[in-house]
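Let me begin by presenting the structure, written as structure tokens, before commenting on it.
Here is the naming used below: chain letters follow the sequence lines, and residue numbers restart at 1 for every chain.
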4 protein chains.
Amino acid sequence: MAATPPFPDKDKAQVPSAATGTSPAKRAQILEGAARIFAEHGYEGASMSCIARDAGVSKGTLYNYFDSKAVLFCAFIEQCTREKLPLMFRRIDEGATMADSLEHVARALIELITSPLSLMLNRVIVSEAATFPELAKTFWANGPQQATSILAAWLTRAPQSELLDVPDPTFAAEQFYALCQTHIAGRARMQLPVDTSPAYIDFVARSAVRVFLNTYQRSGPRQPPLAYVPDA
Amino acid sequence: MAATPPFPDKDKAQVPSAATGTSPAKRAQILEGAARIFAEHGYEGASMSCIARDAGVSKGTLYNYFDSKAVLFCAFIEQCTREKLPLMFRRIDEGATMADSLEHVARALIELITSPLSLMLNRVIVSEAATFPELAKTFWANGPQQATSILAAWLTRAPQSELLDVPDPTFAAEQFYALCQTHIAGRARMQLPVDTSPAYIDFVARSAVRVFLNTYQRSGPRQPPLAYVPDA
Amino acid sequence: MAATPPFPDKDKAQVPSAATGTSPAKRAQILEGAARIFAEHGYEGASMSCIARDAGVSKGTLYNYFDSKAVLFCAFIEQCTREKLPLMFRRIDEGATMADSLEHVARALIELITSPLSLMLNRVIVSEAATFPELAKTFWANGPQQATSILAAWLTRAPQSELLDVPDPTFAAEQFYALCQTHIAGRARMQLPVDTSPAYIDFVARSAVRVFLNTYQRSGPRQPPLAYVPDA
Amino acid sequence: MAATPPFPDKDKAQVPSAATGTSPAKRAQILEGAARIFAEHGYEGASMSCIARDAGVSKGTLYNYFDSKAVLFCAFIEQCTREKLPLMFRRIDEGATMADSLEHVARALIELITSPLSLMLNRVIVSEAATFPELAKTFWANGPQQATSILAAWLTRAPQSELLDVPDPTFAAEQFYALCQTHIAGRARMQLPVDTSPAYIDFVARSAVRVFLNTYQRSGPRQPPLAYVPDA
DNA sequence: TATGAATGAGGATTCATTCAT
DNA sequence: GATGAATGAATCCTCATTCAT
């Protein structure tokens, strides 16, 4: 029974080949349409006709700019990932104290993690991770890794480096990043209802900072854990 | 242009199906095939023909046991989620000290999070969360929520409750759960290469415990952060 | 058994279709193929593959021109009904006498009723009347109703109105129409063998006229009934 | 392109063959289920599973009693046609006058023609006339032909034969039968709305009688045409 | 004999891709 | 370069029929 061809070879699009289209404006127009459709329906659920219609071009033009659905999908993910993700966490807003600065970071991370763009990219990349492994790498490098790198670098810079005891800044940054995901991130990724009120985000952020500093701050009294009071 | 295009519903109210298949063995056989295909290709990418072939039954038999692809998918997810996930984190192995016990928990959580079953469920549920929101709920209840509930309950039980200051056990458990995901979980979800050596997992586990206890332990000296030494 | 079987509607609100095909020639070509297959096998018995093969186009093209089998079926019936049926009985050919004129009408009606087109439409419309009630309306309006309307109008126009006593012209026309169906129409509808020789049609037509005028003619001697002599 | 087998050979069921079932009760039970399903969905639209379920037997039993769907369909039509149709017009109820008697006949014919059974048989037989030509013959013989035969015989029997001048009784009966279909029968066959109030049926019946007798009655004055007054 | 699970060809429909205009 | 009609393989699902129990 070597009969029916089992699955379409999604990733045979290795040859960058033809793609004769040249107008950057039209290319961008197509990518915008692709973004809307892929974001809503995922890779398998999106159809090239839909994308063409949404982008306002013909299917022929689509194929002039992108050799295949797979290539278009990758281009879309790469573009979002490279151009939009990094903008969401570029630098650390310094606060009055180190704790203040870290709270800014924590809130920024939570916002990054729960942003529609990030969640959508997470969703489509996770679901196509086996088919397009490159996309996961790019996403990781431009999203989580960039954020933790910035934080790790900050941890080792004066003046905060004076106050901290951080033997492995990368790992410490990743712990902080993990703490910022408490309760919210996993649920958001599965589109389960989540409390994203500013008060709750603030609580999560301050809790993350407190737990982090209780370990990584060089001296000073241990801070007791926080508790969430919804109305506060 | 007289008529609206008439829709040939005709007699949908037949309820011809209701899955007449009854043999539990064959049902299990089908679910096994479905597991392989859904796990590899996701919901949209899997075809009923493929599943039938893989399960060693005809397409007709598939539909004798499951009314539609959606129903089969849900049955598969529900079964994995209800029957296999809870087995992966049932109880807390007590150690000599509270830190030992928490290290056992941390290792168990990391293993749960990085298990192929859990990752696969995560992947397909995330990618179909919009279509099948119930599945996310079930997964959450049987996986992460169960784990954190068990941990939260343990935190409030003597003797460890004597030694801890945990105003919000659920949140504390979720912070611990988040800490256990440091570095590993996000990468694993995207099928990126990940260091899952026992040594590294041990390091992550002990780091989580240390950070956790530095905040939630009622008294005692602050423990300095750990550093990973790969060769150790 | 948690969840209700989720229905994967997902995104039916796409309106991906709307029949993009535009070439009238190809549309006509498809309708011709559809005519042959629907006429022979009826709605349920016809398959889109067959129609595509017969029309000499691919299945995809079929769906570029018609959104579904139901739409194609309706288009086919509507076209036949609107464009071809009315041509078969447009006006009344006046004869030397009123009886002559009515005989022309009768023969035209019998030909209409027994024409392959009319019989085919009758057959498929009757068998799908419950599913596509609009088609029956359209057929009736363009076929029988048009014919009886024309006749009813003629009955009330001078000079024949002078000679006739017709209190209810519509009903009178329908009686005449019914008389023209004597012996032939019912059998033809069931594809039973039928004597459609000109001589027999002539006999039926003249019998209808005679019976009709014996009641509706204002004065003059009653005409005795006719008898059919096959050899004549 | 002698490629795909175009249509299933519906009528290959010539060999009466196996059909090992023997219990007449079970056979009747199956036919009752078949009646309901075929009546509602037609031949193509009915499924053997549906029929089995509706009849309360297994599919295996179905095939023990009837070799195929085609055979079952024919058996169902034959049974209805032979056993139920003739009961609907068995004899002529004599009235005080010949006109009275004919009015009884006319009303009985109209009721026969518009009865659900007759319309259903008409529908399914017409739609499958090409596939099962035998059924049309049987239906005709047991329905319209029987009715017109009885009437033709009555026309030639004393005392009415004395009063009538009927050179071709069969044809005369068929004209009467045709007149009884005025306005109602064609519409009913297409499931178009039809006035079946007793008053209207009465009007149609009396009109048919009047028109008939104005030609076929041996003597007496011409009766003027009737007009329908709904409220009367 | 009665059952109903199993079969697999065939149904309507979709969609990535090509190519003549 | 842009278009969109045409293609046909692949999709989910149905159903007449068979056959082991």
Side-chain angles (χ1 to χ4, degrees), chain A residues 4-8 10 20-23 26 44-53 57-70 72, chain B residues 8 14 16-17 19-23 26 44-52 57-70 72, chain C residues 8 14 16-17 19-23 26-27 44-52 57-70 72, chain D residues 4-8 10 20-23 26 44-53 57-65 67-70 72:
Chain A
T4 25
F7 272 98
K10 284 178 186 172
T20 56
T22 52
S23 150
K26 187 139 284 191
E44 298 276 3
S47 91
M48 293 296 263
S49 296
C50 257
I51 293 170
R53 200 180 323 124
V57 302
S58 71
K59 274 192 283 182
T61 301
L62 221 59
Y63 280 88
N64 275 344
Y65 283 83
F66 300 94
D67 283 339
S68 70
K69 188 183 178 184
L72 173 58
Chain B
Q14 284 291 320
S17 44
T20 57
T22 52
S23 151
K26 187 136 284 189
E44 297 274 5
S47 91
M48 293 296 263
S49 298
C50 252
I51 292 170
V57 301
S58 70
K59 265 187 292 178
T61 300
L62 223 57
Y63 282 91
N64 277 344
Y65 283 84
F66 300 95
D67 284 341
S68 68
K69 187 184 178 183
L72 173 58
Chain C
Q14 284 290 324
S17 43
T20 58
T22 53
S23 152
K26 187 135 286 189
R27 193 185 148 93
E44 298 275 5
S47 91
M48 292 297 262
S49 298
C50 253
I51 292 170
V57 300
S58 71
K59 269 188 287 179
T61 299
L62 223 57
Y63 282 90
N64 277 344
Y65 283 83
F66 301 94
D67 283 341
S68 69
K69 187 183 178 184
L72 173 57
Chain D
T4 24
F7 272 99
K10 285 176 185 172
T20 55
T22 51
S23 151
K26 188 140 282 189
E44 297 277 359
S47 90
M48 293 297 262
S49 296
C50 256
I51 292 170
R53 200 179 325 122
V57 301
S58 72
K59 274 192 282 181
T61 301
L62 221 58
Y63 280 88
N64 275 343
Y65 283 83
D67 284 338
S68 69
K69 187 183 179 183
L72 173 58

Any donor-acceptor N/O pair, Tyr65(D) side chain to Leu72(D) backbone, under 3.5 Å: no

Spacing between Phe66(B) atom CZ and dT14(F) atom C1', to the nearest angstrom: 18 Å

Is Ala52(C) touching bases, backbone alone, or none of the nucleic acid, heavy atoms closer than 4.0 Å? nothing

Which pair of heavy atoms, one from Leu62(A) and one from Met48(A), lies closest together, and at what distance? CD2-O, 3.5 Å

Using atom CD of Glu44(B) as one end and atom P of dA10(F) as the other, report the distance to the nearest whole Å. 18 Å

Identify the heavy atoms of Lys59(B) and Ser49(B) that sit nearest to each other, and give their distance. CD-OG, 3.5 Å

Without decimals, in angstroms, what is the distance between Tyr63(A) OH and dC15(E) P? 12 Å

Contacts of Ser58(A) meeting side chain to side chain contact (heavy atoms under 4.5 Å, CB included) (sequence neighbours excluded), chain-then-number -> Thr61(A)

Rounded to the Å, how far apart are Ile51(B) CD1 and dC13(F) C1'? 13 Å

Indicate the atoms forming the closest heavy-atom contact of Ala46(D) with Lys69(D), along with that distance. O-NZ, 2.7 Å

Are any protein N/O atoms closer than 3.5 Å to N/O atoms in nucleotides 1-4 of chain E? If there are, list each pair with its distance.
residue: dT3(E); atom: OP2; partner: Ser58(D); partner atom: N; Å: 3.4
residue: dT3(E); atom: OP2; partner: Ser58(D); partner atom: OG; Å: 3.3
residue: dT3(E); atom: OP2; partner: Thr61(D); partner atom: OG1; Å: 2.5
residue: dT3(E); atom: O5'; partner: Ser58(D); partner atom: OG; Å: 3.4
residue: dG4(E); atom: N7; partner: Gly60(D); partner atom: N; Å: 3.2
residue: dG4(E); atom: O6; partner: Gly60(D); partner atom: N; Å: 3.3

Here the distance between atom P of dA5(E) and atom CE of Met48(D), to the nearest Å, is 17 Å

Measure from the side chain of Lys69(C), starting at C-beta and using heavy atoms only, and say which of dT17(E), dA12(E), dC13(F) lies closest. dA12(E)

Output the pairing pattern of DNA chain F as a dot-bracket string, 5' first, Watson-Crick or G-U wobble with both distances under 3.5 Å, | for cross-strand pairs, [ ] for crossing pairs. .||||||||||||||||||||

